[in-house]
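What you are looking at is a predicted structure, and each value in this text was computed from that prediction instead of being measured. Residue numbers run from 1 in the order of the sequence given.
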Amino acid sequence: QVQPVESGGGLVQAGDSLTLTCAASSGTFNHRTMGWLRQVPGKEREFVAVITWPGRNTHYARSVKGRFTISRDNIKDTVTLQMNNLQPEDTAVYYCGRSRYSVLSTDLSTYDAWGQGTPVTVSA
């Protein structure tokens, strides 16, 4: 059973950058699509970025395109979300998830493991 573990969240000011990292405390991300989603209490979850295996294809939510970059290190078995020019509306808990498949997907039902999340707070 894989267990993703997120790190790197924190409190920053608008315009700052943060790098979130997802590592597997058990199991592996190899041969699977990986995704980051975020959730704000009272709002719908939003898939912000997805990357396929071994990293050929990516997908971004319109709200983060051009500011966020998802990447993976298949040797270290980690997935990174580089977030630049953060804005207050990016404030959320960010979760890393592993898909059952290697193809691009933003369908939550295709993901079989999620981390506990890391909070990101962006002040104006």
Side-chain angles (χ1 to χ4, degrees):
Q1 182 76 16
V2 69
Q3 180 58 58
V5 178
E6 304 93 340
S7 62
L11 171 64
V12 297
Q13 294 185 328
D16 286 351
S17 299
L18 271 179
T19 302
L20 305 184
T21 300
C22 179
S25 68
S26 61
T28 180
F29 299 153
N30 285 348
H31 306 288
R32 304 291 187 94
T33 286
M34 297 295 297
W36 286 94
L37 68 74
R38 64 187 181 187
Q39 183 154 34
V40 177
K43 293 188 177 180
E44 280 197 26
R45 286 170 290 194
E46 178 186 26
F47 255 106
V48 294
V50 177
I51 187 166
T52 60
W53 173 263
R56 291 193 184 97
N57 297 307
T58 57
H59 168 82
Y60 297 95
R62 189 173 298 181
S63 58
V64 307
K65 203 165 187 177
R67 299 188 297 123
F68 290 14
T69 302
I70 188 171
S71 61
R72 64 192 303 163
D73 185 325
N74 297 329
I75 301 298
K76 294 181 180 178
D77 208 8
T78 58
V79 180
T80 298
L81 185 67
Q82 175 65 42
M83 307 187 294
N84 297 328
N85 191 24
L86 283 160
Q87 299 300 314
E89 52 266 34
D90 295 316
T91 295
V93 178
Y94 285 72
Y95 298 88
C96 170
R98 188 191 77 167
S99 172
R100 294 185 180 87
Y101 311 111
S102 61
V103 296
L104 202 65
S105 174
T106 57
D107 181 350
L108 277 174
S109 69
T110 64
Y111 285 74
D112 61 2
W114 290 98
Q116 294 298 307
T118 185
V120 172
T121 304
V122 185
S123 62

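Residues V120 and V5 do not share a hydrophobic cluster, defined by chaining ILVMFWY side chains whose heavy atoms lie under 4.5 Å apart. Follow the hydrophobic side-chain contacts under 4.5 Å out from L81 and you never reach L37; the two are in separate clusters. Cluster membership check: W114 does not share its hydrophobic cluster with V2, using side-chain heavy-atom separations under 4.5 Å among Ile, Leu, Val, Met, Phe, Trp and Tyr. Note on V50: it does not cluster hydrophobically with W36, by side-chain heavy-atom contacts below 4.5 Å among ILVMFWY residues.
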(request) Check step by step if side chain to side chain contact (heavy atoms under 4.5 Å, CB included) holds for F47 and H59. (result) CA-CA 9 Å; F47 255 106; H59 168 82; 5.7 Å; no
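Using a 4.5 Å heavy-atom threshold, the side chains of Y60 and R67 count as separate. Looking at S26 and Q3, their side chains come closer than 4.5 Å, going by heavy atoms from C-beta outward. Here the side chains of R38 and D90 are in contact, with some heavy-atom distance below 4.5 Å. Counting heavy atoms from C-beta on, the side chains of V93 and Q39 never come closer than 4.5 Å. For the pair L20/F68, no side-chain contact is recorded, criterion being any heavy-atom separation below 4.5 Å from C-beta on. A heavy-atom distance below 4.5 Å is not found between the side chains of R32 and W53.
Across R72 and P54, no two heavy atoms sit closer than the pair CD-O, 3.5 Å. Considering every non-hydrogen atom in both S123 and P88, the closest pair reads C-CG, 4.4 Å. The two residues V103 and T52 come nearest to each other via the heavy atoms C-CG2, 3.8 Å. The nearest pair of heavy atoms linking A24 to G27 is CB-O, 3.7 Å.
D77 places a side-chain N or O within 3.5 Å of a backbone atom of F29 that can act as its donor or acceptor partner. Between the side chain of Q87 and the main chain of N85, a donor-acceptor pair closer than 3.5 Å is present. A donor-acceptor pair is defined here as one N or O able to donate and one able to accept, closer than 3.5 Å; no such pair exists between the side chain of Q82 and the backbone of T19. Judged by distance alone, with hydrogens and angles left aside, the side-chain atoms of S99 form a donor-acceptor pair with the main-chain N or O of T110 at under 3.5 Å.
Other residues, nucleotides and ligands place more than 12 heavy atoms under 6.0 Å from the CZ atom of R100.
To the nearest 0.5 Å, the span separating OG1 on T33 from CG on N57 amounts to 8.5 Å. The CZ atom of R98 lies 10.0 Å from the CG atom of N30; values are rounded to the nearest 0.5 Å. Within the model, atoms CD1 of I70 and OG1 of T58 stand 8.0 Å from one another, a figure rounded to the nearest 0.5 Å. To the nearest 0.5 angstrom, S71 atom OG is 12.0 Å from M34 atom CE. How far CD of E6 is from SG of C96: 5.5 Å, rounded to the nearest 0.5 Å. Taking CD of Q13 as the start and CG of L11 as the end, the distance is 8.0 Å to the nearest 0.5 Å.
No donor-acceptor contact under 3.5 angstrom links the side chains of D107 and S105, judged on distance only.
For Y111 and Y95, the ring centers sit 6.0 Å or farther from each other.
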